[in-house]
Amino acid sequence: MRMVDLILKKQAGHTLTKEEIRFVISGFTDGTIPDYQMSALAMAIYFKDMDDRERAELTMAMVHSGDQIDLSKIEGIKVDKHSTGGVGDTTSLILAPMVAALGIPVAKMSGRGLGHTGGTLDKLESFPGFHVEVSSEEFVELVNKNKIALIGQSGNITPADKKLYSLRDVTGTVQSIPLIASSIMSKKIAAGADAIVLDVKTGAGAFMKTVDDARDLATAMVAIGNKVGRKTMAVISDMSQPLGFAIGNALEVKEAIDTLNGHGPEDLTELVFELGSKMVILAGKAETEEKARQMLQEVIDNGKALEVFKTFIENQGGDPSYIMNPEKLPKAKFITEFKADKDGYVSELVADEIGKAAMLLGAGRETKDSVIDLAVGLVLNKKVGDAVKTGDVLLYIHHSHDDIDSCIKLLRESVKISSDTVVAPILVHEVVQ
């Protein structure tokens, strides 16, 4: 078998066999297939696509290129949630304890964030002492006992995906649906989940800018998951404006605590219930969406979800008193009001640009070596569609240094006010299953 023949085969629009795909991924991972040949194949895939079988075979070849997490000793159906990324996306911090409170095991693997704000792990470090350095045995024991635990990301999960992702980034093949879908699904499957709920974002703050593109990606990932024996569903949700109000690590943790207390922002709460109900159904705990939502509401109302969150934080070394006293969370030195300069209606809160403004404050990482300031970020006071008067506070800037001119400039370009009434965007566009 020669790589050049497989490149030509895909260029001609033919399908690759399981053996051929395994040959490619194995050779690329061990270095016997050079970058320039893999780049040529990626470009051929970009133009000629892959069918559902090929996409599933590519995903599983990448899964088998490295370590896989064995969750077989954890009782029950393990349901994982994955978001394609957004601004102010705090759903995991809320969903995990809610779902665990219903007796559904949540065994999460998390890494550091790169971009607007930190990842789930960075956010949880707002609790002093919190850590993910637990042994595999302790991890399994914690999930079996309390239905929730978080472990650090293994360095050898899907190494083929890491190499291919770097290559796609510099060869103009990032937007290829089969390559995106197999990249995301390979990591989720290697992490050991039995079932997967996908939150596929669309809009300015998302990778997929249009609903059509998001639908194509969601459909591809659901097909892969179901084809390889993982029950999979996808929710296409809006990310044209930031989700919730808070953008920044400790600020998002406080918002998560508010939501677990039943006082969260309307859009964030609705998305949590939308995703959570799908997780409950896939775990076999409810047959209908209505019943699943009712069960999730009960664990908010009776305080069980909050108790599970406290137990989770305490079990992994964090100080649970911060949950009952969120004012103890890291605070920025300064808070500056960002005000409306005219009357009208908020017409745009350009999510990705507002995310960049938060990153300029230190809430996120521009590079892997950047140091995050857990206290800083932005808190919205208005959302798209809201009426405003001149001088009304549009958002609050939480910052640790005086120089925020570049942040304010970016916000002036990203927060837009119209004289005409504006309809708020639809939060959930559709469900793919």
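None of the values given here were measured: they were computed from a predicted structure.
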Peer 1: Should F23 and F28 be marked as a ring pair (Phe, Tyr, Trp, His ring centres under 6.0 Å) after you check the CA-CA gap, both sets of side-chain angles, and the distance that decides it?
Peer 2: CA-CA 8 Å; F23 167 80; F28 179 55; over 10 Å; no
Peer 1: Please check if the number of heavy atoms outside I426 that lie under 6.0 Å from its CD1 is greater than 12.
Peer 2: no
Peer 1: Should D5 and K9 count as an ion pair when the cut-off is N to O under 4.0 Å?
Peer 2: no
Peer 1: Does the side chain of L349 reach to within under 4.5 Å of the side chain of I354, using non-hydrogen atoms?
Peer 2: yes
Peer 1: Per the salt bridge (charged side-chain N to carboxylate O under 4.0 Å, His left out) rule, what does the pair list look like for residues 312-321, sequence neighbours excluded?
Peer 2: none
Peer 1: Within this structure, what is the CG-CE distance for the pair D161 and M62, rounded to the nearest 0.5 Å?
Peer 2: 5.0 Å
Peer 1: Can you tell me how far apart CG (N249) and CG (D373) are? Round to the nearest 0.5 Å.
Peer 2: 8.5 Å
Peer 1: With a 4.0 Å cut-off, would you call D212 and R215 a salt bridge?
Peer 2: yes
Peer 1: With a 4.5 Å heavy-atom cut-off, do E255 and P265 have their side chains touching?
Peer 2: yes
Peer 1: For the residue pair V63 and S186, what are the closest heavy atoms and their distance?
Peer 2: CG2-O, 3.4 Å
Peer 1: Taking atom CD of E266 as the centre, does the number of heavy atoms from other residues, nucleotides or ligands within less than 6.0 Å exceed 12?
Peer 2: no
Peer 1: Between atom CG of L41 and atom NZ of K48, what is the distance when rounded to the nearest 0.5 Å?
Peer 2: 13.5 Å
Peer 1: Going by side-chain hydrogen bond (donor to acceptor under 3.5 Å, both in side chains), name the residues that satisfy it together with D52, two or more places apart in sequence or in a different chain.
Peer 2: none
Peer 1: So that I can tick it off, tell me whether D49 and R55 are bridged by a salt bridge, with the cut-off set at under 4.0 angstrom between side-chain N and carboxylate O.
Peer 2: yes
Peer 1: Look at atom NZ of K227 and say whether more than 12 heavy atoms of other residues, nucleotides or ligands are closer to it than 6.0 Å.
Peer 2: no
Peer 1: Are any of the side-chain nitrogens in R293 or E298 under 4.0 Å away from the carboxylate oxygens of its partner?
Peer 2: no
